[in-house]
Amino acid sequence: MKETIPTNFIRQIIDTDLASGKHNSIQTRFPPEPNGFLHIGHAKAICLNFGIAQDYNGLCNLRFDDTNPEKEDIDYVHAIKKDVQWLGFEWAGDIRYSSDYFEQLHDFAIELIKKSLAFVCFLNGDEMREYRGTLNKPGKNSPYRDTSIEENLSLFEKMRNGEFKEGECSLRAKIDMTSSFMCMRDPIIYRVRFAHHHQTGDKWCIYPMYDFTHCLSDAIEGITHSICTLEFQDNRRLYDWVVDNVSVPVKPHQYEFSRLNLEYTLMSKRKLNMLVEDKLVDGWDDPRMPTIAAFRRRGYTPASMREFAKRIGVTKMENTVEMSVLEACIREDLNDNAPRAMAVLDPIKLVIENYPEDKTEDLTVKNHPSDESQGTRIVPFSGELFIEAEDFREEANKKYKRLVIDKAVRLRGAYVVTATRCDKDEQGNVTTVYCTYLEDTLGKNPTDGTKPKGVIHWVDADKSLDATVRLYDRLFTVPNPAATDDLQQVMNPESLVVIKTAKVEPSLTAAKPEQAYQFERQGYFCLDNNITKTGDLVFNRTVGLRDTWAKISK
RNA sequence: AGGGAUAUAGCCAAGCGGUAAGGCAGCGGGUUUUGAUCCCGUCAUUCAGAGGUUCAAAUCCUCUUAUCCCUGCCA
């Protein structure tokens, strides 16, 4: 794929910081919360953060933002690590966890208390909300706001020691209850939770909040450019307040970009989790999901995902990217790199009546039409083949460039045949087509100067293998499913079509999971990476070929 | 007594006072043993709108409009 280095406003800021000497080296981080699988929107953030580190000779940490043990799970940390690596990135040093810093964070909280910038508050949830005010109404100070430093120190100590119940009290920063930034109205920075944590076990019963944790974790790690999404723009004021009021050696800065929206899918972890929980899909890596794991299972390549991230760019504009951009990226990669093979999804029999009975041939076929380095393979041929049902019509107009009675067509990589007649079942469906072949047309056109206008794919009836093929399509019928209340209503009933009676050429026994093939004239497919029985041939369609015929025939 | 952001083609997106890049999609044509690929051509007299500054404005100023985000002990 093209090797142009992208430019965007964040890279421009970095260029300026480097030129001015504000920074001599660049340190970024990708900070997922392990509460679900990463989706393609995260891939955008990963490519941004790791890509910057790469291009500027800097470093990028992978840090799990694990301050909410009730929603997080170790399984998600494993999945996330795998996704980042699969995308082709390497994090600096060890994996980081915000929970690694709990002790330091605790000390910083004490520092705030000592500066009279934090206090233990006993307001309950409802009271807290009432005191907070609204967008148009200032909040009022908590009655606990003026507790003495000594008393606060002691109360916070008690919080840590588990002497208060969940929700009974919290530690709050003392900022400004009249601020127009809601997050500055004395935000909670620690809450009591008697929850087991996947990293720290039962060591803590108080957990720091995001706004307190994230900025300080950045500072501890020496992050120079802390990149996050637009919804945190207001939070930047709190980010700055915290690093300004606590003794950290460096003050990182936060920059926000717009998150990715993709047509016909969802990009909210919460909603994706609902699909999984409600069994509307078959897990986080169901190939219809927009998760990185699902794209991998579907046959997308890391390079295609990186190319996608590059093409969509990074700005502060709200955006919804069309699916066609993603599809163009994977087609471009796979067109160059996927070996070709033949598979018949909806088979009908083709009998070549003038082909010598019992004769079989091993035809040598190119694995790629233009890239000779991909070599050739053997495809068995005989007088009985399977072809695609839609590739035959008893009669058709000139636009139809396939097999028609009394018309010639090229069998891909093999001979030119002319259909003579066909058999049908009781319902009138064609079951067998009879034809004659021109012996001297292997690798050349008929000697009479005619040239068949069409080419169709086929497999040998006897030596082809049974396979299951799963055709995936968009999960939703509407471009913006997030805007509807009932997701089930807008799910695409044809998002998955399973074909259990496909026939594929024998070379496909060598297929490896996730390894792409182009099934000629149909699309790109790969062997599923979650096959229950070894030896089963289950192919997932990554994406179809561009199909101008579909437009013409409409 | 609200505040924070954003507006350039159908969708993304460059542009940073000197006369609208590129990609995807679309459209027209050519090559082709994949209706694929590839190749060629085409696709914004105008940058949310209205004023203003300037020899010159998508870029600077003013006002207006639209959209998104913020009132979790989530991140």
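Just so it is clear, the model here is predicted, and its values are computed rather than measured. Residue numbers begin at 1 in each chain, while the letters A, B, ... track the order of the sequences.
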Hey, does the side-chain of Gln12(A) have a donor or acceptor N/O within less than 3.5 Å of a partner on the base of rC16(B)?
yes

Check the distance between rA13(B)'s C1' and Leu260(A)'s CG and give it to me in whole angstrom.
14 Å

Any sub-3.5 Å donor-acceptor pair from Arg191(A)'s side-chain atoms to Glu166(A)'s backbone N or O?
no

Side-chain contact check for Lys316(A): nearest option of rC12(B), rU6(B), rC24(B) is rU6(B)

Phe308(A) has an atom CZ; how far is it from atom C1' of rC24(B), in whole Å?
10 Å

Per the O4'-C1'-N9-C4 / O4'-C1'-N1-C2 angle with a 90° window around 0, rG26(B) comes out anti

Under 4.0 Å between any heavy atoms, over every strand shown, what does Glu256(A) touch: base, sugar-phosphate, or nothing? Just pick one.
nothing

Could you go through Glu231(A) and Arg259(A), starting from their C-alpha distance and side-chain angles, then the distance that decides it, and tell me whether this counts as salt bridge (charged side-chain N to carboxylate O under 4.0 Å, His left out)?
CA-CA 9 Å; Glu231(A) 65 271 26; Arg259(A) 59 194 310 152; 2.7 Å; yes

Measure from the ring center of Tyr437(A) to the ring center of Phe381(A) and say whether it is less than 6.0 Å.
no

Sub-6.0 Å ring centroid separation between Phe119(A) and Tyr144(A)
no

Would you call Glu388(A)-Arg402(A) a salt bridge at under 4.0 Å N-O?
no

Does the structure show a Watson-Crick or G-U wobble partner for rA57(B), both distances under 3.5 Å? Name it, or say none.
none

Between Thr147(A) (side chain only) and Asn152(A) (backbone N and O only), is there a donor and an acceptor less than 3.5 Å apart?
no

rG10(B), rC16(B), rG2(B): which one has an atom nearest the side-chain heavy atoms of Glu322(A)?
rG10(B)

Any-strand Watson-Crick or G-U partner of rA7(B), both distances under 3.5 Å
rU65(B)

Gap in Å between the two P atoms, one belonging to rG72(B) and one to rA48(B), rounded
35 Å

Quick check: closest heavy atoms across Val242(A) and Asp211(A), and the distance to 0.1 Å?
CG2-O, 4.2 Å

Same-atom distance (C1') from rC40(B) to rG4(B), integer angstrom
49 Å

Reading 5' to 3' through nucleotides 30-36 of chain B, protein heavy-atom contacts under 4.0 Å coded B for base, S for sugar-phosphate only, - for none:
---BBBS

Under a 3.5 Å cutoff, is there a donor and acceptor pairing between the side chains of Asn136(A) and Thr134(A)?
no

Ring centre gap for His106(A) and Phe156(A) strictly below 6.0 Å
yes

Check: Glu33(A) main-chain N/O paired with Asp65(A) side-chain donor or acceptor under 3.5 Å
no

Paired to rU33(B) by Watson-Crick or G-U wobble criteria (both distances under 3.5 Å) is none

Determine whether the aromatic ring centres of residues Phe519(A) and Phe539(A) are separated by less than 6.0 angstrom.
yes

How far does the C1' atom of rC63(B) sit from the matching atom of rU71(B), given to the nearest Å?
30 Å

Can you tell me the distance, in whole Å, between the CD1 atom of Ile10(A) and the P atom of rA13(B)?
13 Å

Rounded to whole Å, CZ of Arg185(A) lies from P of rA1(B) at a distance of 14 Å

CD of Glu307(A) versus C1' of rG22(B): gap in Å, rounded?
12 Å

Using a cut-off of 4.0 Å between protein heavy atoms and nucleotide atoms, how would you tag nucleotides 66-75 of chain B 5' to 3' with B, S and -?
--SSBBSBSB

Please report the distance separating the C1' of rU46(B) from the corresponding atom of rA9(B), rounded so that it comes out in whole Å.
10 Å

C1' spacing across the pair rA44(B) / rA25(B), given as an integer number of angstrom
16 Å

OP1 or OP2 of rG4(B) versus the side-chain N and O atoms of Gln254(A): is any pair under 4.0 Å?
no

Ring centers of Tyr76(A), Phe64(A) separated by less than 6.0 Å
no

Regarding Thr315(A), tell me which of base, sugar-phosphate or nothing describes its non-hydrogen contacts under 4.0 Å with the strands shown.
sugar-phosphate

For rC68(B) versus rG26(B), give the span between their P atoms, rounded off to a whole number of Å.
29 Å

So that I know where these two stand, are Phe102(A) and His197(A) an aromatic pair - ring centroids less than 6.0 Å apart?
yes

Taking the same atom, C1', in rA50(B) and in rG15(B), what whole-Å distance lies between them?
24 Å

Rounded to whole angstroms, how far apart are CG on Asn261(A) and C1' on rC24(B)?
17 Å

Nearest whole angstrom, please: distance from the P of rC11(B) to the CG of Asn480(A).
14 Å

Check RNA chain B against residues 137-145 of chain A and give the residues with a non-hydrogen atom under 4.0 Å, in numerical order.
Pro138(A)

State whether Lys158(A) and Glu168(A) are salt-bridged, where the test is any N-O pair (Lys NZ or Arg NE/NH1/NH2 against Asp/Glu carboxylate O) under 4.0 Å.
no

Under 4.0 Å between any heavy atoms, over every strand shown, what does Thr320(A) touch: base, sugar-phosphate, or nothing? Just pick one.
sugar-phosphate

Return the 5'-most residue of the pair Arg331(A), Arg237(A) with respect to RNA chain B, ranking by each residue's nearest nucleotide.
Arg237(A)

Given the C1' atoms of rG18(B) and rG3(B), what is the spacing between them in whole Å?
38 Å

Report the distance from atom CE of Met184(A) to atom P of rG4(B), rounded to the nearest whole Å.
13 Å

My understanding is that a pair needs two contacts under 3.5 Å, Watson-Crick or G-U wobble. By that rule, which nucleotide pairs with rU42(B)?
rG26(B)

